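The structure presented is a predicted model; accordingly, all values stated were derived computationally and were not measured. Within every chain, numbering begins at 1; the chains are lettered A, B, ... in the order of the sequence lines, protein sequences first and strands thereafter.
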There are 2 protein chains.
Amino acid sequence: MSQASRLKQSIEDAVIAGEFQPGDRLDEASLAERFGVSRTPIREALLQLGAEGFIDVRPRRGAIVSVPSPTRLFEMFETMAEIESACGRLAARRLTPDNDAAMEAAHRACETAARAGDSEQYYADNRNFHEAIYRASRNSFLADQAFALHKRLSAYRRIQLRARNRLLQSLQEHAGILEAIRAGDEQLAATRLHDHVLVQGERFSDMVLGLSPGSQSPAESRRETAK
Amino acid sequence: MSQASRLKQSIEDAVIAGEFQPGDRLDEASLAERFGVSRTPIREALLQLGAEGFIDVRPRRGAIVSVPSPTRLFEMFETMAEIESACGRLAARRLTPDNDAAMEAAHRACETAARAGDSEQYYADNRNFHEAIYRASRNSFLADQAFALHKRLSAYRRIQLRARNRLLQSLQEHAGILEAIRAGDEQLAATRLHDHVLVQGERFSDMVLGLSPGSQSPAESRRETAK
DNA sequence: ATTTCTAATCTTGCATACAATCCATATATG
DNA sequence: CATATATGGATTGTATGCAAGATTAGAAAT
């Protein structure tokens, strides 16, 4: 495999692990030295990560780890909630024994971690549980989208899990989600997943956007993509 | 702006316009000559388009315009349906006069094109209508995701529109969608948008996947991302 | 002390050169 | 005749060099 691919993965991992924090500069020369390669493959890796939205590459001004505004962050979580809902809906419709078993196994692992109060372990097992749901949608394209967004949000998700110490609550929500999927109740599965991801974020999101049903409010729909 | 950015846009446009068809090779030397630049910015543009899923860059084997399998294509349309549903749901909840007016204008343009039987014009206006809905979700991140997927599917969507000559039917569905959004009926808006995008694709998708509710069927959930 | 202008330095963007791998054609062999 | 193998050509992957824009530090002026 090419160096650029490996580098892309390495840089992505470093960002996810929190080694590079949001706002940190990712200058090509330093990274090139660190990985013992020239700037070229570094550049290619950074541009790809930028295209995936993982980092922010500003023309002539270098790359930084994205610093989403609070509004943007809520938008990302809201989108995640919608995508996970969709996965849950399809999973409820199409569940196979294989996928059921995979979700069950992941859920049991979460249970163990939660009982032990191991936040870090729960974080990892939680990820597996959600990924099992993505796969259970039997739509690999949708699952890939879900994976990608999940990764982009991982830094903030971890904070959320820790801050609220909501391990046990999270676990119970997982149980409810599993139940709905197994019952084939698409609507319920979607709703529970949506709420699980967004928690109370939905109302908060509406609040941040300065909205109440039927009200007017300009707030231009800004777009960030550099064109 | 950098050359690579312009090139990326140019190549993307050429793919959307159908100048490069699915399966066509995009070799760096030819593109470099065509645009009068060196291979470097071409390479960067191709890698970015690859990261966005627009084209397929295979290590050491060059880039080609993606050729999704029928299964993959249905998955993409199904995902589009879910994302558009989400946009419609949020639009119904948060509709502002500005967004309402934008949708109305786009709808009128579609009406004119449909009455004139101008398939090409309808294609363009249809795009504007859907983009107006994305924006009406008041979630710019979700809207960006929707834009991106819409672009990736544009080639196939055009075929679909032409082949079925369903201009007038499409227009009526648009009217129904608008009505539901204006009524603030989230559920109805979501359902109508879903059906509009997928038409009868949902059942077909289930069929292709070899599924019926409760049945088992292995069919490993393959992943395409190069790691 | 604060602000503004200028210049030196640093970083990115692109071109070119070279190395490594892949592909196709042709040749050899069973 | 079919299959396997080798060799030459073509294409991608990486390194290096140079040019252009951006950032920072310092000096001058208010």
Discussion item. Suppose we screen for side-chain contact (heavy atoms from CB on, under 4.5 Å). Which residues come up paired with A/S38, at least two apart in sequence or across chains?
Written reply: A/T40, A/P41

Discussion item. If the condition is side-chain contact (heavy atoms from CB on, under 4.5 Å), which residues does A/A136 pass it with, not counting sequence neighbours?
Written reply: A/A91, A/L95, A/N99, A/M103

Worksheet item: What closest approach, in Å, do A/D125 and A/A113 show between heavy atoms, and which atom pair accounts for it?
Response: OD2-CB, 3.7 Å

Worksheet item: Do NZ/NE/NH1/NH2 and the carboxylate oxygens of A/D144 and B/R72 come within less than 4.0 Å?
Response: yes

Response to the item:
Only residue of B/L47, B/D27, B/L26, B/L31 satisfying side-chain contact (heavy atoms from CB on, under 4.5 Å) with B/I42 is B/L31

Discussion item. Just to be sure I follow the notation: if a pair is Watson-Crick (purine N1 to pyrimidine N3 plus N6-O4 or O6-N4) or a G-U wobble (N1-O2 and O6-N3), each under 3.5 Å, what dot-bracket string does DNA chain C give, with | for pairs to another strand?
Written reply: ||||||||||||||||||||||||||||||

Practice prompt. With a 4.0 angstrom cut-off to heavy atoms of chain B, pull out the first and last contacting nucleotide of DNA chain D, in 5'-to-3' order.
Written response: D/dT11 to D/dT14

Worksheet item: Would you call B/E12 and B/K151 a salt bridge, using N to O less than 4.0 angstrom?
Response: yes

Discussion item. Using a strict threshold of under 4.0 Å (side-chain N to carboxylate O), is an ion pair present between B/D13 and B/K8?
Written reply: no

Response to the item:
Applying side-chain hydrogen bond (donor to acceptor under 3.5 Å, both in side chains) to A/R152 and not counting sequence neighbours gives none

Discussion item. Under 3.5 Å, is there a donor on one side chain and an acceptor on the other for B/H174 and B/N126?
Written reply: yes

Worksheet item: Any luck finding a side-chain donor-acceptor pair between A/E75 and B/S140 under 3.5 Å?
Response: yes

Worksheet item: What one-letter contact string describes nucleotides 6-19 of chain C from 5' to 3', where B marks a base within less than 4.0 Å of any protein heavy atom, S marks contact via sugar-phosphate atoms alone, and - marks no contact?
Response: -----SBBSBB---

